[in-house]
Amino acid sequence: MLEVSSLNKVYRSGAREVEALRDLTFTVDSGELVCLVGPSGCGKTTLLRCIAGLLEPSGGKVRLDGREVSGPPPGLAMVFQEYGRSLFPWMSVRDNVELPLKQKKITRHRRATLVEQALDAVGLAGTESAYPWQLSGGMQQRVAIARAVAYEPSTLLMDEPFAAVDAQTRADLEDLVRALWQRLEVTVLFITHDIDEAVYLGQRVLMLSSSPTVVQDEITVDLPAARDQLHTRADPRFTELRTHVYEQIQAAKLQPGGANASS
Amino acid sequence: MLEVSSLNKVYRSGAREVEALRDLTFTVDSGELVCLVGPSGCGKTTLLRCIAGLLEPSGGKVRLDGREVSGPPPGLAMVFQEYGRSLFPWMSVRDNVELPLKQKKITRHRRATLVEQALDAVGLAGTESAYPWQLSGGMQQRVAIARAVAYEPSTLLMDEPFAAVDAQTRADLEDLVRALWQRLEVTVLFITHDIDEAVYLGQRVLMLSSSPTVVQDEITVDLPAARDQLHTRADPRFTELRTHVYEQIQAAKLQPGGANASS
Amino acid sequence: GSDGGSGGDTDAGGVDQVKVGVIPIVDVAPIYLGQQKGFFKNRNIELTMESGQGGAAIVPGVVSGQFQFGFSNFTSLLIAQTKNVPIKTVANGVASTGEQGKDFGAVMVKADSPIRTAADLVGKKVSVNTLENIGDTTVRESVRKAGGDPKNINFVEVPFANAPAALEEGQVDAVWVVEPSLTQVKAAGGRMVASNYVDAAPNLSVAAYFTSAKLAGEDADLVKRFTEAINESLTYADGHPDEVRGVLGSYTKIDEKTRAELTLPKWPTEINKESVDTLAKLGGQDGIFDGATPDVAKLLP
Amino acid sequence: MTRGAGLLGVAGLAGLLVLVEALPRLGLVNDDYLPPTSRIAAALGDELVTGEFWRAVGDTLTGWAIGLLIAVAAGVVVGILIGAVPVLRAATASTIEFLRPIPSVALIPLAVLLYGTDLGSTLLLVVYAAFWQVLVQVLYGVADVDPIADETARSFRFGPWARVRHVLWPTALPYVFTGVRLAASVALVLAVTAELVIGAPGLGKSIAVAQTSGAVPLMYALIAVTGLLGVGINLAARMFERRSLAWHQSVRGEVPA
Amino acid sequence: MKRVAYVLGLPLVLFAAWYVLSAGSESFYAPPLSKILESFGKTWTLDRLTADVVPSLLRLTAGYAVAAVLGVAVGVTIGLNRWVRATVEPVLEFFRAVPPPVLVPVIILFAGIGDGMKVIVIAFGCVWPVLLNTVEGVRAVDSIQIDTARAYGIGGPALIGRVILPAASPQIAAGLRQALSIAIILMVISEMFAASNGLGFTIVQFQRSFAIPEMWSGIILLGLLGFVLSLLFRLAEGRALRWYHGLREAQRRS
Ligand SMILES: Nc1ncnc2c1ncn2[C@@H]1O[C@H](COP(=O)(O)OP(=O)(O)OP(=O)(O)O)[C@@H](O)[C@H]1O
Ligand SMILES: Nc1ncnc2c1ncn2[C@@H]1O[C@H](COP(=O)(O)OP(=O)(O)OP(=O)(O)O)[C@@H](O)[C@H]1O
Ligand SMILES: [Mg+2]
Ligand SMILES: [Mg+2]
């Protein structure tokens, strides 16, 4: 169970002061898959960093399974928006994926299996020995995803993880994330700009207002749990939900600070 | 007029050898707006780099307005896929956008106007004095776009330029690119993974096969020149075209080397 | 090494291991010759020469007992004495020949220089190897004797080895050099204007071997044997100039022609106390003792 | 490419030799003080056959290698420790800046006091001078860690050691290489200088003897040997660097795309 | 307040330790710190500062400036062109390995024995860290940044001034930092030859004339000088590389 309560974050540097998050409160149950959408620059990445314990909030609290987050909690994996910079250029693709597993003290044999499976699942079999900078943008992003998937985390934070891949691969990866989530009962927080993706993937979609940021709205995606690209997207309920989300986002852009803003 | 003839590119490094482009031939008329789609890792970025004269092809030729490209041709602007790394972290947002204009020997006054307009157009008014690394991913990408737009290029190459922005901003930017194209009669080559976007933007859509890469197919987008987000996307012809593209891409993924592969 | 300067290591046969800090120049030829001749071995001394580039390395070595003996010029020793460095001379080192124009050190100018006598050095740029040391104090005395005012000589520091080039290139007007640089300057057509050691005092004692006060007190026997051996070496060297020229080839790289030509110094066994007093007086005049007066008697054996 | 580079390097050195031959021959400098290459080479030839020369080279290289090893090991360990722990960095900064500009040569009396003319003296001076080179480079290298890379490691709960091993060290490595290359030549310079001034056996002492003896060609020959040792050391460092930095931007560029 | 404690804390502890440990020292060459401090005040009077320290500082400044400009200029040239690098690197390595003390005679041949010689010796010795770091920094510039510049027609001086130098500046700063303390060291070494004034000359002269407490006080002065100069350097660096430190620390600060 992930609880975010009155989270506030102000970036200060010299004269510039940016209130990235004003007052965020929401909870995510254990094993839930929640998608986050919001205008560009509204503070989604900031929020994810706070949840991962990488950034100290200016106010408010983040609790994971009852404990307050002060550093990265165990069993957490994160796919960074800056996928290119989050891969280590001095390691081959395989080593990049394998390293966190070593840190987790997984046996060599199991590691090899996990790495192979993960790279296979993201369609990168055969590039194990290449360096990340020898890969295309989309391939780099998939390495970052493979790294998180192979880690078998209990909490998975993903920051626009499919931004650089083509439509077909994206669909495959969406199904991969849902499969992983169902198999391991991971708590997933998923940031995306693709509204269809948010509705297709999530059990719930949280919509953030533009900066200063609050939770603008949230909907529960009442589509059946068994989803597939063809049928789910054709479902009239799907279209209804995505239209709702779309409207909310447009509203968010037009009226910053959101309706629920408490200030 | 941009002519690409039997372009071939092989990356060699140590034991690894990747044939990124096998045999690409196509032309883009002056003032045409062409979208490029293709599976992740198929060589789109490689192609764009060859056209921009940043990468030497292993075989074949690129000609721009009759002259063979050997270095970056004048009047060319490019938005890199690695937008984060293509901004200079030691310069403010304003300086980043202004620098190429200085090189173009544009007067100070005009520069100020262009920079302001461009930043305004991408929705970044007010961040002029921030450093790029103080911005969110989507904002950084928009700075890169503003830089290209302010440059008023005669050839514009864009590599997945809207990957990191939200749906609403994306739509606005799409219209911005079309407006710029119509106003300045720029030749635009636009890489995207979003099939709808490709059809909405382009006069033509080129589909690349997966690696080793050839031109898999191309369609002319016979939608009216005056497009807008609401009506164009609702047009049945739009849906037809996007379905066609989608099918071709799926075919490309399944059968690498494409139907036209000459080898 | 030994701790605390107690006469070096003594092995089973009663042979003392002795390290001597020397500067590898002509002046110390006798000790090398004496070593070859077995003068030290005869007195149960196993000698090792440690070469340093001057007092900076040798005096601390002797004071700390890393070396049992060292070699240094008297002016440096006098300075050390005024600062109460605990050292004591044990034997003479080297002395001037006492002959005008035929000494092993001299002030040289270019052949076409307007400088004729030492008095002409006034207002000129003169190089010495070390400022505020034996070089400039004795050169000042030469000038004084020639009737010039030594206050206005512009001394600059140039190592002996570089002095010939500095003179040739006109970077200085005159150089004070000792052998073998002296022969080099002569070969390049240099002209002598003063024999500063001779001007300073008749038969000037230039340098000496010394030891730490501690060793002198604790191992008088070793010091005695060393002094005897050195004295024997000095006498032998004085009597056998050809052998001296020969031994120079073993520890220096002076070429044969120069070795044959260079002027050898004198190696008397007695320290000329009056000349040391003179050096002390000259140094005092030039203010290199910081106002103190060296106690010559305390320094000498 | 590598062979081409090697040839170019040889060409560069050859150019230097020709210049030194030409300067005195053309009368631009007095050949008594800067003899032409041929005379220097002849002096070197005579020297090469003596055992004394090779002993001197061996002595110098021993002092150099041991000193460098100590300095690099200490510099890297201390640098990473200080660099990675902000409190330590703040607390030691002023002391480091205070100690760094103290010239090794000023420590000569101290060295002689402690070790006489033994290897210890040379080592003290070599280590003191070379240590700072490595340390400062490591400090800058540690500061160069990409925040995103570091956050990635933290998010996967890498322990402090794993972060040093997998993130900090590879980032700092190019800086460390520069530091080692700087330190290698500073160590050589100091080894020779120590021998020169203190008289510890080695090339420096030979140079000093040649200098005081007015044996000018021999002196230049020995200086040239010192320089060539430096070239050799750098060559080895470069090769090692190319191997271990294959991933780095600077080495990537070596392979024409 | 806390910063002052950080700056002064460790040095004070070390000096205190030195003071206590050396208090009863009998050794001639390692006198008690109390004696050294006592002589410090007596030795470094205003007269002496103007007569010896000021000329030294002028030479230092000139030599350092020459080294910085030359190091960066040559470094950029070498870093950008691998053929140039291949050609001149061995020659540079050759000179780098030659100890300045033995090179002084050669430099005297060409530059005389005046201040010019000393400036050259300082520049010669401290150009290497700048040069090496510039070469490495330039070689490590992100290829995407260079591509960006080239795509926008930014070439020649603008490419170097606006992209390559700023991108390499963190590493260049590392080199300049190194060079600063080496410059001080070489100031001392250069003043050991053919000098008649200067801080280095004075220290060497103290050493030769067995004025040991004075010599140590000179060494302390050198340390202080280095500390002050590095403080100035840090200020300048903090200003010039504000973007860099901001970028590195943005995420770390809360
Ligand atoms: N290091 C920083 N220093 C100062 N301001 C920052 C910093 N990082 C982010 N910001 C500001 O905080 C706000 C939120 O940034 P954040 O990266 O969280 O947005 P985002 O929702 O992830 O946007 P995007 O969808 O474009 O990635 C932005 O206005 C940005 O300018
Ligand atoms: N520097 C390089 N060295 C070696 N191989 C490379 C290099 N750059 C790209 N490649 C390879 O070339 C192929 C095409 O890469 P490219 O970046 O052009 O793909 P792309 O179409 O842009 O993909 P994406 O949509 O994921 O960005 C990939 O297989 C990649 O691994
Ligand atoms: Mg973001
Ligand atoms: Mg790409």
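What's counted below: heavy atoms across the whole structure, side chains too, no hydrogens, waters or symmetry copies. Note on naming: letters A, B, ... go to the chains in the order of the sequence lines (proteins, then strands), and numbering restarts at 1 for each one.
D:Arg181 places a side-chain heavy atom less than 4.5 Å from the side chain of E:Glu136. Side-chain contact check for D:Leu182 versus E:Asn133: some heavy-atom pair is nearer than 4.5 Å. No side-chain heavy atom of E:Ile182 sits less than 4.5 Å from a side-chain heavy atom of D:Trp132. Counting heavy atoms from C-beta outward, D:Thr178 and E:Gln171 have side chains that approach closer than 4.5 Å. The shortest distance between side-chain heavy atoms of D:Arg100 and E:Phe227 does not fall below 4.5 Å.
In this structure, D:Thr95 and E:Pro11 approach most closely via the heavy-atom pair OG1-CD, 3.5 Å. Of all heavy-atom pairs spanning D:Val136 and E:Ala174, the tightest one is CG1-O, 4.3 Å.
Ion pairing of D:Glu97 with E:Arg234 is absent here, as no side-chain N (NZ or NE/NH1/NH2) approaches a carboxylate O to less than 4.0 Å. At a threshold of 4.0 Å, the pair E:Glu93-D:Arg238 does not count as salt-bridged, since none of the basic side-chain nitrogens sits closer than that to a carboxylate oxygen.
Of the listed residues (E:Val204, E:Leu14, E:Asp142, E:Ile203), the one with the most heavy-atom contacts under 4.5 Å to chain D is E:Asp142. With chain D as the partner, the residue from E:Val88, E:Leu132, E:Val98 showing the most heavy-atom pairs under 4.5 Å is E:Leu132.
Proximity to chain E (any heavy atom under 4.5 Å) is restricted, for D:Tyr220, to the side chain, taken from C-beta onward. Both the backbone and the side chain of E:Ala173 come within contact range of chain D, judged by heavy atoms closer than 4.5 Å. For D:Leu203, no part lies under 4.5 angstrom from a heavy atom of chain E. The contact between D:Ala224 and chain E is made by backbone and side chain atoms together, counting heavy-atom distances below 4.5 Å.
In this structure, the separation between CG on E:Leu10 and OG1 on D:Thr92 is 7.0 Å, given to the nearest 0.5 Å. Taking CD1 of D:Ile223 as the reference point, atom CZ of E:Phe94 lies at 8.5 Å (rounded to 0.5 Å).
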Under the side-chain contact (heavy atoms from CB on, under 4.5 Å) rule, what do D:Leu16 and E:Phe95 come out as? Steps first, then yes or no, please. CA-CA 11 Å; D:Leu16 179 67; E:Phe95 281 113; 3.8 Å; yes
